[in-house]
Protein chains: 2
Amino acid sequence: MGIAGKNGAGAVRIADVARHADVGAGTVSRVLNGSPNVTAQTRERVMAAIQELGYVPNLVARGLAANRTGVVAAIIPVLGYAQHSEVIQGMLEGLKPYGITVMIGSSGYSEEGEERVVEAFLARRPDAIYVTGGRHSARTRELLKSSGIPVIEGSNLHDNPIDTVIGYSNFDAARKLTARLFASGRKHVAHVTFSTDPNDRIADRLEGYRAACRELGLPDDLFIETTNSFEGGAKALRTILDSWPEVDGIFFVTDVLAVGALHECQRRGIAVPEHFAICGFDDLPIAASVVPALTTARIGPVSMGRKIAEVILARIKGEADVDKRIDVGFQIIERESAVLGPKPP
Amino acid sequence: MGIAGKNGAGAVRIADVARHADVGAGTVSRVLNGSPNVTAQTRERVMAAIQELGYVPNLVARGLAANRTGVVAAIIPVLGYAQHSEVIQGMLEGLKPYGITVMIGSSGYSEEGEERVVEAFLARRPDAIYVTGGRHSARTRELLKSSGIPVIEGSNLHDNPIDTVIGYSNFDAARKLTARLFASGRKHVAHVTFSTDPNDRIADRLEGYRAACRELGLPDDLFIETTNSFEGGAKALRTILDSWPEVDGIFFVTDVLAVGALHECQRRGIAVPEHFAICGFDDLPIAASVVPALTTARIGPVSMGRKIAEVILARIKGEADVDKRIDVGFQIIERESAVLGPKPP
DNA sequence: CTGTTAGCGCGTTCAC
DNA sequence: GTGAACGCGCTAACAG
């Protein structure tokens, strides 16, 4: 320890401030936490002492004493996928004004990975925890449930949440997108998905596709699996061309896949939407830029993150009547990749 | 508090374990921290007690007592931009095996935002801190310097680091890309940049472009500013077409801009690389997918993050002879968007 | 090798 | 309204 021994902005503690302001340590703590039971005069004296000494409260010690750390934990599959990272971005923006910090972990798309991160995080006593999706190991559910803190499951509006779920219906969105392809005159709509992980969001989209097919009395098994990458989308397109020549519409489970397929169409001179109507999912920025622009479903991950922050704040404040199931909805974005007839000028 | 009052996996403390195993609290702490000074026999007894009671150490209390939190702080401009998020992903992967957690913050591309996050983070006593780039407010530098913890500045290999810098030379990479465009036979190479923030990486790329121009005795002022988005790239391309009809090569400061421009070329039927040789920067996944595939510079943000983790671990362990300046290098990725002559078959 | 004790810095009772 | 004292759960230093 010592003067500059990793003590943030100095080794000055609350006792030093108290001495300097000629008050008790308790009083300093009170002004720090905005207690009303302090005279304006003494408050000023304390504030002055804080300024002069450059005092910075030790939030670790506060966390121990108050049994409240001001930290929320967040777990997403990977940080590199913007759709998940932007949820965190929204949470950061919503929580920063309240002095709440976020610790981040990645599950690597695996239940086991998630379990280990949850375990490690709970030992740090966060005030709340956010996890992506609704599929977790039994032990993870148990850990979370008995943690005693608010648990927010995000992105997919599933039944049977651990505590609170904030998201949208992947099933409904996928069904709507599929139905839209059929409504635009397509007769044979395929679906491209992936299955490298136990991911309820992707699984629900597949079910949405199948439901839309069955509602029209059409076969619901025109789907193939690939890897979730641009190249995976291109590969899937080639497979469809080879295997199902009758297909005239494709619903890709992510924009990444759809964009990869669009590029493959460009390379092969296949006209979109004339030959294939194509839609994706997520409304990544690239969806509006690619040629032709991509029809897709928009979620608004940042605002979802902000909503999550709101709920966490309310729960931490102790408000009991917070919704346990919040639907942030989705929006179908219609662009050229899925219109029929000649392209707009 | 109480039995299930937000105490993680239960309210059992180290004293409970000690009692259950019939040893002292210190001994439990020793086995927890892997001290060699424990008999295998007592170690087992303690481990058994931990198991039976479902004890989970309170890392907040440990942090206070040990003056070592096992947390590292990381600040990036925004979470939604993959290039930055993936650095964090690499850090997570490198630090997780050592039980170290990452708290994340975003500066919003502003020095003031960064300063506030740094301030908030230091109060939580992280064991180390990572910040993006080398441009910071004077107060941020001062806070960081006097924090007493390892400070890693990342991404841009600048001079005058606060403590340690890990990255690559944006200047060199940009110069090399520009020179490559000239070497492929282009005579008028423009540069598209943006300036919405005090970003040393982008500024250094501009300087690299200008240096390459001057080395050939060519004008170094064919650059324009736009916003860093697909649409921004498209807009810049239109501006160049209108203003500088002689331009036959464009170095876009990010892949996002370059891809936006490539899409605009597709819309307008402009042949790339025949009309324009184009290159970007970052080697985002989209760069290999777009048509034509994009020549760009690759950094490897994930492995850079792992390198940062390594350095942090070494510094935390107290190793004094850790490099203060680590060049992770870059790689020019040659693809079709910048070759001359007929495109490959 | 092990038990005991004194802090780590702060919030929160209590009396005053 | 304010100060003093105790405790949050753990590590580290000290005896033994």
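First the proteins, then the strands, lettered A, B, ... as listed; each starts at 1.
Residue Thr39(A) is in sugar-phosphate contact alone, with no base atom involved, counting any heavy-atom pair closer than 4.0 Å across all strands shown. Ala18(A) comes within 4.0 angstrom of nothing in the nucleic acid, heavy atoms only. No contact: Asp16(B) has no heavy atom under 4.0 Å from any strand. Looking at heavy-atom distances under 4.0 Å, Val28(A) makes no contact with the nucleic acid at all. In this structure, Val23(B) reaches the sugar-phosphate backbone alone: every heavy-atom distance under 4.0 Å involves primed, P, OP1 or OP2 atoms, never a base.
For the residue pair Thr164(B) / Arg325(B), no side-chain donor-acceptor distance below 3.5 Å is found, with atom types taken as modelled. Residues Glu153(B) and His136(B) bring a donor and an acceptor atom of their side chains to less than 3.5 Å of each other. Between the side chains of Gln89(A) and Ser106(B), at least one donor-acceptor pair of N or O atoms lies under 3.5 Å.
Taking atom CZ of Arg125(B) as the reference point, atom P of dC10(D) lies 21 Å away to the nearest angstrom. For Arg62(B) and dG7(C), the CZ to C1' distance is 17 Å, given to the nearest whole Å. For Leu64(A) and dG11(C), the CG to P distance is 11 Å, given to the nearest whole Å. In this structure, CG of Leu59(B) is placed 15 Å from C1' of dC8(C), rounded to the nearest angstrom. At whole-Å resolution of the value, CG in Asn58(A) and C1' in dC10(C) are 8 Å apart. Across the protein-nucleic acid pair, Asn67(A) atom CG and dG7(D) atom P stand 16 Å apart, rounded to whole Å. Counting to the nearest Å, the P atom of dC10(D) and the CZ atom of Arg124(A) are 14 Å from each other. Spacing between atom CD of Gln41(B) and atom C1' of dT2(C) amounts to 13 Å, rounded to whole angstrom units.
Between the side chain of Arg30(B) and the base of dG3(C) there is at least one donor-acceptor pair of N/O atoms closer than 3.5 Å.
Distances shorter than 4.0 Å separate some side-chain N or O of Thr42(A) from OP1 or OP2 on dT2(D). Close to dG11(C), at under 4.0 Å from its OP1 or OP2, lies a side-chain N or O of Asn33(A). Put simply, Thr27(A) has no side-chain N or O that comes within less than 4.0 Å of OP1 or OP2 on dT2(D).
Look at Arg315(A) and Asp163(A) and you find a salt bridge, because one of the NZ, NE, NH1 or NH2 atoms lies within 4.0 Å of a carboxylate O, short of that distance.
Remark on DNA chain D: of its neighbouring residues Leu32(B) and Asn37(A), the 5'-side contact belongs to Asn37(A), judged by nearest-heavy-atom nucleotide. Each of Ala25(A) and Asp22(B) has a nearest nucleotide on DNA chain C; the 5'-most of these lies closest to Asp22(B).
Enclosure of atom CG in Asp22(A) is not indicated, since only 12 or fewer non-hydrogen atoms of other residues, nucleotides or ligands lie within 6.0 angstrom.
Of the listed nucleotides (dG7(D), dT11(D), dG9(D)), dG7(D) has the atom at the smallest distance from the side chain of Ala65(A).
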